Structures are given as structure tokens and as C-alpha cells.
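Quick caveat: nothing in here was measured; it's all calculated off a predicted structure. A note on names: the letters A, B, ... follow the listed sequences, proteins ahead of strands, and every chain is numbered from 1.
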2 protein chains.
Amino acid sequence: MVAEKNNINIKDIARLAGVSVTTVSHTLSGNRYVKEETKNKILKIIKQHSYEPNIIARSLIKKRSGLVGIITTALNNEFYSEIIASIEESLNPQDYIIIVNSSNHDPVKELNVFRKSNSLFIDGIFLVGSSIKYDYVEKYNYRNIPVVLVNRGCQGKSYPTVTVNYLKAMKEIVSYLAETGHENIGYLGWAKDTESVSVEKFNGYIKGLKINGLKKDDNIVFLKDDIMRNSFEEAYIFLRQSLSGKPAEKLKMSALVCQTDHIAVGAIKALNELNLGVPEDISVTGFGNTSVGRFSVPALTTVSVPKKEIGKLAAQTFLKLCGGKQGMHEFVLLDCPVIVRKSTRIN
Amino acid sequence: MVAEKNNINIKDIARLAGVSVTTVSHTLSGNRYVKEETKNKILKIIKQHSYEPNIIARSLIKKRSGLVGIITTALNNEFYSEIIASIEESLNPQDYIIIVNSSNHDPVKELNVFRKSNSLFIDGIFLVGSSIKYDYVEKYNYRNIPVVLVNRGCQGKSYPTVTVNYLKAMKEIVSYLAETGHENIGYLGWAKDTESVSVEKFNGYIKGLKINGLKKDDNIVFLKDDIMRNSFEEAYIFLRQSLSGKPAEKLKMSALVCQTDHIAVGAIKALNELNLGVPEDISVTGFGNTSVGRFSVPALTTVSVPKKEIGKLAAQTFLKLCGGKQGMHEFVLLDCPVIVRKSTRIN
DNA sequence: TTGAAAGCGCTAACAC
DNA sequence: GTGTTAGCGCTTTCAA
């Protein structure tokens with residue numbers, strides 16, 4: 001941290017090469033012809049001095065930075081991070097630098113970062129499970145950059161979105177339970193309106209009951225007021241608590257539908273500690289098909305959400321949006337199959 | 001995405017307020033006195049037009065962006081993401097925007113991003129589990145910004161670092177096993193030299209055996225050539241494979257030390273499928289104390305790495321570095337206790 | 001085939 | 001108390 005530092009700029013390169021900055025600039029961009037000889041001389045000097053053009057200065061003129069932002073509610077979440085990894089991978093050949101910002105479930109921080117990103121000349125933004133409303137996006141996306149909504153509820157409107165038919169998927173896993181002989185099917189999760197996905201899942205559960213001629217029993221619907229962040233623990237604690245009161249009625253429950261795989265794993269632990277075996281006494285289902293559910297004991301019956309695919313399609317939507325406005329009404333809604341493993345039994 | 005967009009700048013604000021840009025600038029920065037009246041008028045107009053100063057233009061002059069970067073090898077990794085979340089949280093009051101870049105285990109990409117970050121006028125960088133050598137940091141940190149190494153091996157040199165005494169911790173968990181009557185203690189993990197942490201852990205295992213008078217048996221040392229990314233699955237597959245050959249000798253193993261919690265969970269599944277019970281037939285230990293290990297069946301005996309603490313101390317080191325060079329030789333090495341749960345038995 | 005120079009949006013020295 | 005102005009490092013028009 002002592003020696004002469006390399007802060008060399010385009011002017012230095014020009015001087016060293018005995019040409020104008022214009023010529024250096026064009027050698028780099030390829031925007032106009034530069035004589036082979038001149039070009040080679042310049043490139044050699046650039047290499048010699050490890051010169052890297054200044055992204056900031058360039059952005060100021062071009063109003064594009066080569067940066068793409070991902071705004072997400074949480075990083076310590078296998079579900080999101082797989083989607084994010086897939087977006088990154090799909091965008092890799094495009095020479096973008098991907099930067100991720102996690103709000104740690106703070107909606108205000110999220111909004112702030114979204115607004116500030118304007119002046120950073122970010123070239124595009126993915127909102128992964130973020131709670132930012134599209135009204136806000138429309139209002140504050142001053143530069144009209146592509147914004148892709150990923151893993152959100154479908155609020156009836158059509159913005160560039162890649163998500164999953166959560167309602168349908170939840171309906172189907174409830175149907176699977178009903179068809180295998182379960183009648184008292186409970187639910188564990190949360191349903192905040194800021195979290196449209198959670199609401200859709202819960203509605204899917206309700207619909208699933210209905211179409212199978214079952215009725216909702218509020219004694220076995222365990223809805224937490226607040227989102228369950230660190231799902232294992234929170235779900236575990238919440239269910240233990242909820243179950244500690246009036247165990248008699250609860251035991252009529254023969255299956256418990258959980259909002260995510262993590263919640264299911266937490267639930268299984270809570271149930272086990274109350275001497276309820278899964279699936280012997282109670283069947284439990286997850287949602288998402290994360291690795292956690294594949295390696296839990298018992299392995300989870302769950303809904304397989306194609307996280308890699310979501311990321312890939314989100315990246316494609318972004319690229320479409322970049323090439324004009326013809327992706328503006330892209331609305332990709334993916335279906336998800338139920339995967340039956342060991343956490344449910346046939347009644 | 002159609003209406004007039006807000007791209008208002010400092011000049012516009014100045015014009016609207018009937019003052020010079022200087023005055024607007026100083027109202028914002030507080031760098032010199034502005035008459036209450038003028039100030040109020042300016043602030044009102046700023047609010048009215050939702051003006052946000054352009055970060056890029058500001059950075060170009062100040063050579064600081066207000067951005068702090070975290071470069072990490074992988075996002076879908078509970079261990080790293082907890083550390084990252086903690087860094088973010090600790091830096092929150094400081095008004096930095098945190099941007100994370102994950103290389104998805106691609107060292108070349110990592111190097112690239114590190115170099116490019118120079119011209120982005122990033123104010124500081126955390127290398128979380130990154131493989132970037134400090135030589136490289138010294139060579140390419142042109143702007144001499146604070147760089148904090150997080151969760152790295154201690155390579156004998158003293159750079160700003162916050163990490164864990166992996167060697168000691170691993171030694172201690174091996175000792176715990178030895179003291180509880182285990183003699184044939186195996187190892188499952190990898191040990192690439194690019195990944196110094198993994199080497200230290202392995203060395204800790206070796207030392208642990210030695211100080212307890214045990215000898216290494218290569219038949220029960222399962223070292224994968226390559227890093228195990230998606231640990232559950234890779235560990236599971238690798239151990240199944242390794243065990244399929246000559247099961248007779250392997251069965252002498254009474255305990256298996258695993259390099260991470262995820263690997264331990266994968267291992268348990270592999271062992272179970274070979275009809276080996278954990279901990280009845282074989283004890284298994286993890287490393288890290290992630291939530292996965294708390295909710296696995298059986299719950300893991302492991303080493304408790306203070307991830308929140310690491311993040312907090314890393315942020316503090318960064319802040320120290322910002323205020324001059326007096327943090328340059330900060331080298332925080334944390335000790336980690338063994339946590340005994342259900343995956344090990346007393347022989 | 002190449003250069004000069006204006007300017008992106010902002011800050012800060014210098015001036016009054 | 002406030003304004004004028006010269007840049008920050010680059011791209012790009014216009015001119016040669």
C-alpha cells in the first residue's frame with residue numbers, strides 16, 4: 001500500500017503513444033477506423049500500463065454503466081440465491097457486471113436503493129422477491145431502464161415479470177393430499193399483503209380445500225402476522241407455541257401444508273418433539289424443492305419450483321427489454337409439478 | 001414508461017431557485033454557510049422535484065462513490081450469506097450502499113471484478129471467502145481503498161483480516177471425538193490450495209489425530225479433488241461413491257469429521273442408505289453451526305463459528321481503515337467452541 | 001486517418 | 001453570503 005499507484009488515464013496513454021485522446025478512445029471502442037500501426041502502438045501501451053478506462057467517467061457521458069442491479073429482500077435464502085445465481089450465469093456472456101443489494105427485509109431501504117440507482121446509471125434492475133410496487137417502479141424509473149419482476153404475485157397487471165403460478169401449485173398439492181385420503185389439512189405460513197406471493201399461496205390452499213369438498217378449519221390454520229425470515233427457527237418456534245395450547249383439537253389434523261420447504265423442516269421438528277411422527281401421524285408438505293427438503297428426514301413432498309429456469313427467463317426478458325420495448329408485456333407464469341417424497345402418507 | 005421523466009439536475013434546481021449551482025451544492029453538502037431563507041427555498045424545490053444528486057458525477061470529482069463492495073465466491077451458501085448480512089447490517093448506519101458480487105466460484109471473474117472496481121470509485125471492499133491473493137490486492141488496489149479479508153486462512157502475513165482459527169477448531173472437535181472413545185476417525189471434505197480455509201481445516205484434523213495419539217488411516221480419508229459447491233448433494237454422491245468400493249475396511253470407521261455442516265448432512269444421508277445409523281454406528285460432525293445442522297436429523301455436533309460476529313468485526317476493521325492506516329495490521333482470529341448435539345455418540 | 005474541443009453533472013478553489 | 005469557473009476522465013461532433 002505504498003508504491004507508486006497506477007492511476008493512469010486516457011490522457012496519459014495518449015501522451016505516451018503520441019496521439020490524441022480521441023484516437024485512444026476510438027481504438028478502445030472500435031467506433032471508427034484507426035490505422036493498424038497506430039492501434040497496435042496504443043494497445044501495447046495500454047497493456048504495458050494495465051490501463052482500464054474509467055467506468056464512472058464513461059457512464060457520465062453514455063448514461064449507461066454496464067452494471068445490472070439485483071434488488072432482493074434477503075440473501076440468506078436458498079430460494080432467492082439460486083434464482084440470483086441463475087440470473088448471473090445467464091447474463092455472464094453479456095459482459096455486464098452484476099451487483100446485488102439485499103435489504104434484509106427492510107422495504108424502506110429497498111425503495112431508497114431503487115431510487116438512488118437512477119443516478120448510478122445502472123442499465124437494468126431485477127426485483128427478486130422484492131416488495132417494491134410497480135407504481136413505484138413506474139414513478140421512479142426516470143431513465144426508463146428495463147426492470148424485471150421476479151418471483152412476484154401476479155397482481156392482474158402486466159409488467160415484465162417471471163414468476164410462478166403459486167395459486168395453482170398450492171391448489172394441486174392440497175389436491176394431492178385430498179386424493180390420498182386426507183381430510184383435515186392444516187396450513188402453516190404467513191400472508192402479508194406486502195408479500196403477494198404468500199397471499200397467493202394461501203389462496204391456493206383455500207381453493208384446494210374447496211375444490212376437494214373440504215372445509216377450512218381455523219384451528220389448524222397457523223398464520224403468523226409477520227413474515228418468517230429465518231424460516232427453520234421461526235416456523236419451529238411458532239408452531240410449537242401454537243400447538244402448546246389446545247392439543248386435543250389440533251390432533252385431528254392429518255396433514256400440514258407449509259408455505260416453504262424451510263418452514264416444513266421447522267414444522268417437522270416441532271411435531272417430532274410433541275411425539276408426532278411424520279408422516280405416520282401427520283403428513284407435511286413443503287414448497288419450492290430446495291436442497292434442504294431433499295436432505296431433510298423425512299425427505300419432503302413438495303412443489304418443484306424451477307429456480308434455474310426462472311433466472312434464465314428473467315435474464316432473457318431483460319435482454320428483450322434492452323433491445324427495445326417489445327418485452328414490456330412479457331408475463332411469464334410457470335407451472336410447477338408436485339414431487340412426492342417421504343413426508344406424506346397415503347391415508 | 002411514457003410520460004415526461006424527471007431527469008432533473010443541479011443546474012435546473014439552481015435556475016428554479018434563482019441561485020447558483022454552488023449554493024445548491026453547498027446546501028446539500030453543508031460545506032459552507034447558506035442563509036436559512038435561501039436554503040429553505042432550495043430544499044423545497046429539491047423536494048418538489050424529487051431531485052437526487054447524481055452519484056456518478058459526484059464520484060468523478062470526489063473519487064469516492066459511497067459504494068462498498070463485497071466480493072464473494074458464492075451467494076447460495078448459508079455460511080457466507082450470514083456473514084454478508086451481518087456486514088451489511090453493521091455498515092447500515094454509515095450511509096454506504098452495499099453491493100455484492102458473486103463469482104459463482106470463478107476465480108477469473110473475481111479478479112476481473114476486483115480490478116474493474118477501481119474505476120468505479122468503490123470506497124472499500126470485503127473479500128468474503130474469495131480466493132483473491134493479497135499480492136493481487138496490493139498490485140491492483142490502485143486507489144488504496146480499504147480491503148478487508150473475511151473468513152480466509154491465515155497465510156502467515158498480516159493484512160486486514162477477520163477470520164477463524166480453523167486449525168485449532170478442527171483440532172478440538174477431533175479431540176472431542178478422541179476423548180469420547182473414538183479411535184478410527186475419518187475425514188470428508190476437500191483441500192485445494194486456492195482454498196486456504198479448507199487446507200487449514202484438514203491440517204487441524206491431522207494435528208487433532210496426532211495430539212491424541214491416533215494415526216491417519218487413508219482408507220477413511222475422503223478428499224475430493226474439487227471444492228464441493230452445492231455441498232449436500234456433492235458430499236452425498238462423493239461419499240456414496242467412495243464407500244461403494246471396499247466396504248469391509250471402511251466399516252472400521254467409528255467417526256467421520258466433515259468439513260462443513262452441509263457436507264455432514266449429505267454424509268449422513270449416504271451412510272443411512274448403506275444402513276449405517278448416525279450416531280449408533282458412526283458419529284458424524286459438522287462445522288460452522290448453520291441452521292441446517294440445527295434442524296438436521298440427528299442434529300449435528302459441530303463447531304460454532306460466530307458468523308454475525310465476524311461480519312461485525314469486519315465492518316469495524318473497515319471503518320478503522322477508513323479513518324487512516326491504523327487498521328492495516330488488524331488481524332482478528334476468532335476461537336470457536338465445539339457444540340455437542342445428537343450426531344455423535346460416546347463410545 | 002486523426003485532432004480539437006465541447007460537455008456529461010457535479011464540487012470546490014477563488015473571487016467578490 | 002453567494003457566484004464564476006475550472007476541471008474530474010471520458011465520448012463524440014465537427015473539422016481538417
Side-chain angles (χ1 to χ4, degrees), chain A residues 5-43 45-46 49-67 116-123 142-143, chain B residues 5-43 45-46 49-67 116-123 142-143:
Chain A
K5 282 301 177 166
N6 186 334
N7 256 321
I8 199 166
N9 64 21
I10 196 170
K11 236 162 141 180
D12 300 322
I13 299 293
R15 194 173 23 77
L16 290 167
V19 298
S20 74
V21 290
T22 314
T23 305
V24 177
S25 176
H26 283 114
T27 319
L28 249 20
S29 68
N31 275 346
R32 87 176 183 196
Y33 185 81
V34 178
K35 196 168 43 157
E36 223 31 49
E37 201 190 319
T38 324
K39 196 192 288 184
N40 288 146
K41 188 166 52 177
I42 294 173
L43 288 175
I45 293 178
I46 285 180
H49 293 80
S50 316
Y51 164 70
E52 291 257 6
N54 187 298
I55 299 182
I56 290 279
R58 182 179 279 175
S59 307
L60 190 54
I61 301 172
K62 306 192 77 158
K63 285 147 175 10
R64 313 181 355 97
S65 61
L67 262 40
K116 286 206 178 165
S117 69
N118 272 301
S119 79
L120 248 182
F121 295 139
I122 297 275
D123 295 348
Y142 300 145
R143 300 174 42 250
Chain B
K5 281 297 175 171
N6 186 335
N7 255 323
I8 199 165
N9 64 19
I10 197 172
K11 236 162 140 180
D12 300 323
I13 299 291
R15 194 170 27 75
L16 289 166
V19 298
S20 76
V21 290
T22 315
T23 306
V24 178
S25 177
H26 282 114
T27 318
L28 250 20
S29 68
N31 275 346
R32 88 179 182 193
Y33 184 82
V34 178
K35 193 164 50 154
E36 224 28 52
E37 201 191 318
T38 324
K39 197 194 285 185
N40 289 145
K41 188 166 53 175
I42 293 174
L43 287 176
I45 292 178
I46 284 180
H49 294 80
S50 316
Y51 165 70
E52 291 259 5
N54 187 298
I55 299 182
I56 289 278
R58 183 180 279 174
S59 308
L60 190 54
I61 300 172
K62 307 194 77 159
K63 284 147 178 4
R64 313 179 353 96
S65 60
L67 263 39
K116 286 206 176 164
S117 69
N118 271 302
S119 79
L120 248 182
F121 294 139
I122 297 274
D123 296 348
Y142 299 144
R143 301 174 41 248

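- When each of Val19(A), Val24(A), Thr23(A), Thr27(A) is tested with Lys39(A) by the rule side-chain contact (heavy atoms from CB on, under 4.5 Å), just one qualifies, namely Thr27(A).
- There is no side-chain donor-acceptor pair under 3.5 Å between Ser25(A) and Thr22(A).
- Residue-level contact check: Ser25(A) touches the bases, meaning some heavy atom is under 4.0 Å from a base atom.
- Looking at which nucleotide of DNA chain D each of Leu60(B) and Gly18(B) is closest to, the 5′-most match is held by Gly18(B).
- Taking atom CD1 on Ile61(A) and atom P on dC8(D), their separation rounds to 13 Å, with Å as the unit.
- With hydrogens and angles disregarded, a donor-acceptor distance shorter than 3.5 Å links the side chain of Arg143(B) to the backbone of Ile122(B).
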Step by step, would you call Ile56(A) with Ser119(B) a side-chain contact (heavy atoms from CB on, under 4.5 Å)?
CA-CA 6 Å; Ile56(A) 290 279; Ser119(B) 79; over 6 Å; no
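- Heavy atoms of Ser59(A) sit nowhere under 4.0 angstrom from any nucleic acid atom.
- Relative to the side chain of Pro53(A), the nucleotides dT11(C), dC10(D), dG9(D) differ in distance, and dC10(D) lies closest.
- Between the side chain of Asn31(B) and the main chain of His26(B), no donor-acceptor pair closer than 3.5 Å is present.
- A donor and an acceptor atom sit less than 3.5 Å apart, one in the side chain of Arg32(A) and one in the base of dT2(C).
- Phe121(A) places its CZ atom 13 Å from the C1' atom of dC10(D), with the value rounded to the nearest Å.
- Checked against dC10(D), dC10(C), dT12(D), the side chain of Ile10(B) finds its nearest nucleotide in dC10(C).
- Comparing dC8(D), dT5(D), dC8(C) by their nearest atom to the side chain of Lys63(A) picks out dC8(C).
- Residue Tyr51(B) has a polar side-chain atom (N or O) positioned under 4.0 Å from OP1 or OP2 of dC10(C).
- The nucleotide whose nearest atom lies closest to any side-chain atom of Ser20(A) is, among dC10(D), dG3(C), dG1(D), dG3(C).
- A donor N or O paired with an acceptor N or O is found under 3.5 Å between the base of dA12(C) and the side-chain atoms of Thr22(B).
- Side-chain atoms of Val21(B) lie closest to dT11(C) of the nucleotides dG7(C), dT11(C), dT2(C).
- Of the two residues near DNA chain C, Ala57(B) and His26(B), the one whose nearest nucleotide lies more 5' is Ala57(B).
- Nucleotide dT11(C) holds its C1' atom 11 Å from the CG atom of Leu28(B), rounded to whole Å.
- Here dT2(D) presents its P atom at 12 Å from CG of Asn40(B), a figure rounded to the nearest Å.
- Note: OH (Tyr142(B)) to C1' (dC8(D)) measures 19 Å, nearest angstrom.
- Nearer to the 5' terminus of DNA chain D, by closest-nucleotide assignment, is the contact made by Tyr33(B) (compared with the other of Asn54(A) and Tyr33(B)).
- Put simply, the residue from Ile46(B), Val21(B), Leu28(B) that forms a side-chain contact (heavy atoms from CB on, under 4.5 Å) with Ile13(B) is Ile46(B).
- In the interface, the side chain of Ser29(A) is not paired with the base of dT11(D) through any donor and acceptor atom under 3.5 Å apart.
- In this structure, of dA12(C), dG3(D), dC10(D), it is dC10(D) that holds the atom nearest to the side chain of Arg58(A).
- The distance from atom NZ of Lys11(A) to atom C1' of dA5(C) is 12 Å, rounded to the nearest whole Å.
- If you measure from atom CD1 of Ile13(B) to atom C1' of dG3(D), you get 18 Å, rounded to the nearest angstrom.
- Atom pair Asn31(B):CG and dC14(C):P shows a separation of 16 Å (rounding to whole Å applied).
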